[in-house]
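Working notes, beginning with the structure itself.
Numbers restart at 1 for each chain; the letters A, B, ... are given by sequence-line order, proteins then strands.
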Protein chains: 2
Amino acid sequence: MRREATGTETGASADLRNAGGRNIIEIIRMTRAALRKSDRKVADIVLHDPQRILKATVGETATLAQVSQPTVLRFATAIGCKGFRDFKIRLAQSLALGTPATHSVLLGTDEPETVAEKIFDYTMTSLDWARSHLDKAAMLKAIDLLAKARTIEFFGFGASGIVARDAQQKFPLFGVPCGAQLDSHQQIMVASMMKEGDVAFVISNTGTTRSIMEIARIARENGAAVICLTGSDSPLASCCDVALIVETLENTNMYTPTISRIAALVVIDVLSTSVAMRRPVEDQARIHNMKRQLSDMRKDQPT
Amino acid sequence: MRREATGTETGASADLRNAGGRNIIEIIRMTRAALRKSDRKVADIVLHDPQRILKATVGETATLAQVSQPTVLRFATAIGCKGFRDFKIRLAQSLALGTPATHSVLLGTDEPETVAEKIFDYTMTSLDWARSHLDKAAMLKAIDLLAKARTIEFFGFGASGIVARDAQQKFPLFGVPCGAQLDSHQQIMVASMMKEGDVAFVISNTGTTRSIMEIARIARENGAAVICLTGSDSPLASCCDVALIVETLENTNMYTPTISRIAALVVIDVLSTSVAMRRPVEDQARIHNMKRQLSDMRKDQPT
DNA sequence: GACATTTATGTAATTTTATTACCAAACAGG
DNA sequence: CCTGTTTGGTAATAAAATTACATAAATGTC
């Protein structure tokens, strides 16, 4: 009773389904258009109030959607689940990250407690999204470049400057000298001095900042490898050797904090850790030592 | 809402259960000792391979635990679930955040892809943990102080310095001038200049850094309110007006990246957003405007 | 240390829920 | 306007969850 290529399959193609990764709600949203009319009714009530369905039985769901029970079952298989049971498990997992962002928009009347809940939820949901949209190939290329680098320079402004500085602090993991430039004049100077074997790591959420693109260009002209970390497939991405695009759920609500920097920080964690793991075993002790030094430095920095 | 006690209740007291927040696995770990002998068998196989149980029926679970089916049911109610169904839903949600941290420790042999998965998972799990362990009362007091502040100064070293800088960048939300001091000499100078009405926001993950405690002391002597953001109930916490303790799952594995700064950043998000929401309605437009300015600044910073 | 009382666990019956088999309407193409 | 195909419903069936009840183990009391 696999439903892959059998006759029961509707127009909803497998690749569409996979695109959403593990989040069943996303899968439903995407396949919705390709579903049968009645299945769509089920899809709609699930999307409308997933929490309700989580506690519902097949019968209740059928009533809510105004369809028959088997239709609910067919809906479940149509979106790629093994059965209703499996569907509910998957729904529960999708909902664990908090009700989808659209539901958790902050209201002016929210109590601080609610605000905390929502912001945490939103952050976690966004991280989940970022993870499922990571470009693994680009990631691998970036790790390759970083592992071979002689020095690494991080560039960024504003919120991205924070990320750059954080990355720079991870130099013990990267194992080579790292710099972080936040002043645009300094940036130009440093970029001009880079040469083959160096890696310029350019961070810009928007990917449109003029001066940051200039940095990328200069570093590249001098023979340095250029990696960028950006929020969308921007102009900056096209002029780099590797573009790490970290998509985040953006939300125009003024209260919604910028999530992009959190996702970027986690990506940096992944890169630095992977690079550290790439090093030969005989270096491990040395890295361990460095890490401890960093740890000590954080713990107690005497005047 | 979910875990009210029924008559079947065993010695496992309600407060114990609530301590774990929403994560059923944690709840099981904590209540395990207080469970009946047979129930404990069930608890053990759940903890041992939660993924397996997620796909199992009552019967299968009973066989795996070598108990009868009703025992499995009783186990479910004992840990505060409405029934086996409810238990599975909750288990699914707990597992969605990634297999518990202990399972996702990085191995030297992991592929970069796996590393990414694990780090994202770990970050999300930790955030979930941090959320459920937030001290709401302290949070409220901090928001009160920040909302009334005339100026805010953030202090931090190393990784915490990153957090301080990030917080400072949120000044449009706080609505008052904010500073971030990262150099210890500067810190002493600025702290000495603070006076009543000012807020010193001291960030230190360990909470034991000598110089940072000195800062807190100086600022306090001068009449400034002192808020600290720290990772545990440390010496620093006891000498501040408000102590925000953000517990994170710590893990001694060398590859595990420091999660504390991520949690701290999210807490700052919560604080700044709450403060912004606290402002009178007539200020909202002004804040909105400031926020846009900040946004523009991020987008494009001409040389 | 036997007896009463509570607590813990299993067996079997029962109910609820999920799934399947089958049939009828709607629909598209010839 | 037939004919095969797709879609959706009804009713039967299988599977799973839950309850009722009985028995065994443990605990305490005199």
Side-chain angles (χ1 to χ4, degrees), chain A residues 1-13 24 31-46 52-92, chain B residues 2 4-13 24 31-46 52-92:
Chain A
M1 20 176 308
R2 295 281 84 85
R3 83 232 96 262
E4 356 271 38
T6 71
T8 7
E9 182 75 53
T10 64
S13 54
I24 196 80
T31 48
R32 184 182 174 284
L35 292 174
R36 304 183 192 91
K37 193 147 38 97
S38 302
D39 286 2
R40 207 172 305 149
K41 284 189 202 167
V42 183
D44 287 342
I45 68 128
V46 173
R52 174 72 190 81
I53 302 305
L54 204 58
K55 291 185 291 186
T57 65
V58 176
E60 288 170 323
T61 310
T63 310
L64 286 168
Q66 304 203 296
V67 297
S68 70
Q69 300 197 8
T71 298
V72 175
L73 272 288
R74 279 189 282 257
F75 160 77
T77 55
I79 60 169
C81 296
K82 173 98 205 302
F84 189 71
R85 253 175 258 275
D86 183 45
F87 163 70
K88 284 229 297 193
I89 297 289
R90 301 241 253 144
L91 185 64
Chain B
R2 1 177 185 238
E4 44 271 12
T6 65
T8 11
E9 189 72 50
T10 66
S13 55
I24 196 81
T31 49
R32 182 180 176 285
L35 291 176
R36 304 182 190 95
K37 194 149 35 101
S38 301
D39 286 4
R40 207 173 307 148
K41 284 189 201 165
V42 183
D44 288 343
I45 66 128
V46 172
R52 173 71 189 83
I53 302 304
L54 205 58
K55 290 185 292 187
T57 66
V58 174
E60 288 169 323
T61 310
T63 310
L64 286 169
Q66 305 202 292
V67 295
S68 69
Q69 300 199 7
T71 298
V72 175
L73 270 290
R74 279 188 283 258
F75 160 77
T77 55
I79 59 169
C81 296
K82 176 90 203 307
F84 189 73
R85 246 176 262 278
D86 183 43
F87 164 69
K88 285 229 301 193
I89 296 289
R90 300 239 253 142
L91 185 64

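Listed candidates were dA16(D), dT9(C), dG9(D). Nearest to the side chain of T71(A) is dG9(D). For F84(A), taking side-chain heavy atoms from C-beta onward, the closest of the listed nucleotides dA20(D), dA18(C), dT7(D) is dA18(C). Proximity note for R74(A) (side chain, C-beta onward) versus dT11(C), dG8(D), dT9(C): the nearest is dG8(D). Residue R85(B) has its side chain nearest to dT17(C) when only dT17(C), dT9(C), dT19(C) are considered. Each of dT20(C), dG8(D), dA17(D) was ranked by its minimum atom distance to the side chain of L73(B); first place goes to dA17(D). Among the nucleotides dT19(C), dG10(C), dT9(C), the one closest to any side-chain atom of S38(B) is dT9(C).
Side-chain nitrogen and oxygen atoms of R36(B) include at least one within less than 4.0 Å of the OP1 or OP2 phosphate oxygen of dA8(C).
Rounded to an integer number of Å, the gap from L35(A) CG to dG8(D) P is 10 Å. What separates NZ of K55(A) from P of dT16(C) is a distance of 20 Å, to the nearest Å. Atom pair F75(B):CZ and dG10(C):P shows a separation of 15 Å (rounding to whole Å applied). The CD-P distance, from E60(A) to dT17(C), rounds to 7 Å in whole Å. Computed from coordinates, the I89(B) CD1 to dA17(D) C1' distance equals 14 Å when rounded to whole Å. One can place CG of D39(A) at 9 Å from C1' of dG8(D), the figure rounded to the nearest angstrom. Atom NZ in K37(A) sits about 12 Å away from atom C1' in dT6(D), given to the nearest Å. Rounded to a whole Å, the CD atom of Q69(A) is 12 Å from the P atom of dA11(D).
Between the T57(B) side chain and the E60(B) main chain, a donor and an acceptor come within less than 3.5 Å of each other.
Nucleotides of DNA chain D nearest to V58(B) and K41(A) differ in position, and the one nearer the 5' end is that of K41(A).
Shown here for F87(A) and C81(A), the closest heavy-atom pair between the two residues is CA-SG, 3.7 Å.
Separating the CG atom in D86(A) from the CD1 atom in I24(A) is a distance of 7.5 Å, to the nearest 0.5 Å. Once rounded to the nearest 0.5 Å, the distance linking CZ of R36(B) with CZ of R74(B) reads 6.5 Å. To the nearest 0.5 angstrom, R52(B) atom CZ is 7.5 Å from T61(B) atom OG1.
Counting non-hydrogen atoms under 4.0 angstrom, S68(A) reaches a base of the nucleic acid.
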